[in-house]
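Letters A, B, ... mirror the listed sequences (proteins, then strands); counts begin at 1.
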Amino acid sequence: MRTTSLTPKIAKQIKIPKRNDDRIILHFVCSAFDYDCFYASVFENENPSLKSQPLGIKQKSILATCNYVARARGVKKLMLISEAQKICPDLILMNGEDLTRFRDVSKKLWAFLRAHSWNRRVERLGLDEVFLDVTDIIAYNRELLNVHALGTSFFQLDRNDPVKGFAFDGSRFYGCTQPDDKLRADRGLVDVENPLCVRLMLASHLAGYLRRKLDEDFGYTSSGGISTNKLLAKLAGNVNKPNNQTTLLAKGGDGADAVEAFMDTHSIRKVPGIGSRIAQLMEEYLLSRPAKLRDREGNNVTIGEARRCPGMSSDLLEQILDRPGAERGSGEKVWNFLHGVDLSEVKEASDVPTQISIEDTYMSRPLQTPAEVNQELHTLATSLIRRMRVDLTEAEIKPTVQSNTTSCGTPHWLAYPKTLRLSTRTKSKQSIPASSTSTNGAEVPNFSRSSRSAPLPSFVFQFSPPSPSTSSLPSTSTCPSPATLSCEEIASRLVTESLLPLFRRLHPSRGGGLNLALLNICVTNMVLVARDEVNSGSGSGPGSGSSMAPGRDISRMFRTQEDKLREWTVYDTSPFPASAAPHPPSAPPSDIDINTTSNLIRYTAPTGESTDGYPRDDEAIADLVMMEDEDEDEESDAQFQGRRLP
DNA sequence: CTGGGCGAG
DNA sequence: TCTTCTCGCCCAG
């Protein structure tokens, strides 16, 4: 069909992307093998006696993952619980539907790595993966290197403190390399004349140090990849899992391009950034072309095959991938990937997420009645409010990570989400797997989510002590705060005033037979609060912030290197004040622009009266809801308000 | 700005 | 049986 009619442009010059070796990128995967093994590791760390027993993590009716004791007994991840229990009757099952504990561990590990960065380029991917751009640290340490005493080198982790760091043997790589010619006498040795080789060697020792600390200090093993961009670092890390690292060398022992050889062994689906949709489109094209690629089982087109396909080019790929809504420039992006080139930057660490969402699925028993929906929305909304308090607020005095105490300062919001979104999915009888392609025009009505959004009312920002749910004490005992509302109270109001109107927009038909397999609620569109002079004490809402003084606010985000590393030294456990007194010992890097750190918007609080935009007027929203309600059937409203018990 | 698609784990 | 529970980016309208 469409794709097969594409013809390579013959006369056009094909540009071959050139790798850029300026950067050094590290990639870590904690408790590798697969991401959800991380879940098992978290439970094992909470309760070490589990390590010797078969442990499974369940989510709904399936086993999300299991530890290696369980795997040795034949239990597999993604198995049905019933099946797993048949195979292994003494399987210990933990519920992994609530991700809180995994998030907490993930944050801790991420904070550790972040403390070692000099440039804030520390990007999280999922809960258990992190990229670091360590170009600057490596450049600095390369200058320190004494080529005549490589064996007794010292890696400096802090520019301002020559003692902070570790000793290493600079004549060798740490961990594994790729390629790794075991027959060569110079295996693992460094070509001192080659600057890139030296930088990769240094990075291998840094990665090794960080992985050792992750293991020793936190109890999490990890795999690591070391290369010159995110793509290569990530693929390299896959080579020696779960508890080792791989440095991708530019040249093999024979001087051939090792990166290209390395890339060519992978199937295109292994490339992060080439997902199912892109891979499918590429395969449709490639498998219809050369005879060699055609009649073979499985669509495992390799990178080498795609790259060497006659006429293949950035432009051809752009055509192949062109479809309504397609990302522009993805042809060039994929063409770059095929050559081991990835121009994307490691994003800077951000203190606030761009969205927070909570969802639950009801596959085995879809929700049918509005009363059920009401009940579930309440549960979800309560979790969402709790999460907002955890992830979008900060106590005035920041707790130290080691002591793990939540200090009793007046918490304040770091950001206000502007938008609330409700998504649902109905259970469809004939859910067609993505692999089956519609042959002509008629797109498969692939069951997917639909959503509606509305402004998030500001009463959700009424404060209360941090996470009363996790405290064993009655919530009144600590940090009494004015204008305190519990998560449940806020959730109830949110359901009736915002979520139900949204739900009715999504599902105008009344009565039962809703057949919902998924509910998701999400807050997004974050507006960062300038948190300088915190308006402590007030039940701060989006309108109550004082005007900001951006200078101090930003400098606070760039604490000095000593400050950050101090968090991880054994002897100094003193908490540092969050907004310490004027503290400009080392100026923040001038090249950092707050606008590039995230796509979050800074919130400038109006100094006087409220503005026409944000913050909104609750009453107006309430009115809107009332008006909408008016043309609704009252009986059905009563159904929505009703609480149904299981 | 909204609603959907895709890609990551 | 494409499963679970997310998060982020990008697009068109």
When we call it a touch if two heavy atoms are under 4.0 Å apart, what does [X] touch: a base, just sugar-phosphate, or nothing?
X	answer
Gln355(A)	base
Ser450(A)	sugar-phosphate
Gly275(A)	sugar-phosphate
Arg328(A)	sugar-phosphate
Gly96(A)	nothing
Asn520(A)	nothing
Ile274(A)	sugar-phosphate
Leu127(A)	nothing
Arg421(A)	nothing

Presence of Thr354(A) side-chain N/O under 4.0 Å of dG8(C) phosphate oxygens OP1/OP2: yes

Give the rounded distance in Å between these two atoms: [atom1] of [X] and [atom2] of [N].
X	N	atom1	atom2	answer
Lys58(A)	dT4(C)	NZ	P	12 Å
Phe38(A)	dT4(C)	CZ	C1'	16 Å
Asp342(A)	dG7(B)	CG	P	16 Å
Phe102(A)	dT6(C)	CZ	P	11 Å
Lys270(A)	dG7(B)	NZ	P	17 Å
Arg277(A)	dG4(B)	CZ	P	18 Å
Gln59(A)	dG9(B)	CD	P	16 Å
Phe131(A)	dG8(C)	CZ	P	15 Å

Can you figure out which of [options] approaches the side chain of [X] most closely?
X	options	result
Arg449(A)	dT6(C), dG9(B), dT2(B)	dT6(C)
Glu359(A)	dG4(B), dC5(C), dT4(C)	dC5(C)
Glu129(A)	dG7(B), dG9(B), dC5(C)	dG9(B)
Ser451(A)	dG9(B), dC11(C), dG4(B)	dG4(B)

Residue list, side-chain hydrogen bond (donor to acceptor under 3.5 Å, both in side chains) with Ser344(A), at least two apart or on another chain: Asp342(A)

Set of residues satisfying side chain to side chain contact (heavy atoms under 4.5 Å, CB included) with respect to Ser450(A), sequence neighbours excluded: Thr424(A), Leu506(A)

Which atom of Pro501(A) lies closest to which atom of Val495(A), heavy atoms considered: CD-O, 4.1 Å

Close side-chain approach of Met263(A) and Leu235(A), heavy atoms under 4.5 Å: yes

Salt-bridge criterion met for Glu394(A) and Arg389(A) (N-O under 4.0 Å):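 The answer is no: the pair does not qualify as a salt bridge.
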
Any side-chain donor near an acceptor of the partner, Glu44(A) and Asn67(A), under 3.5 Å: yes

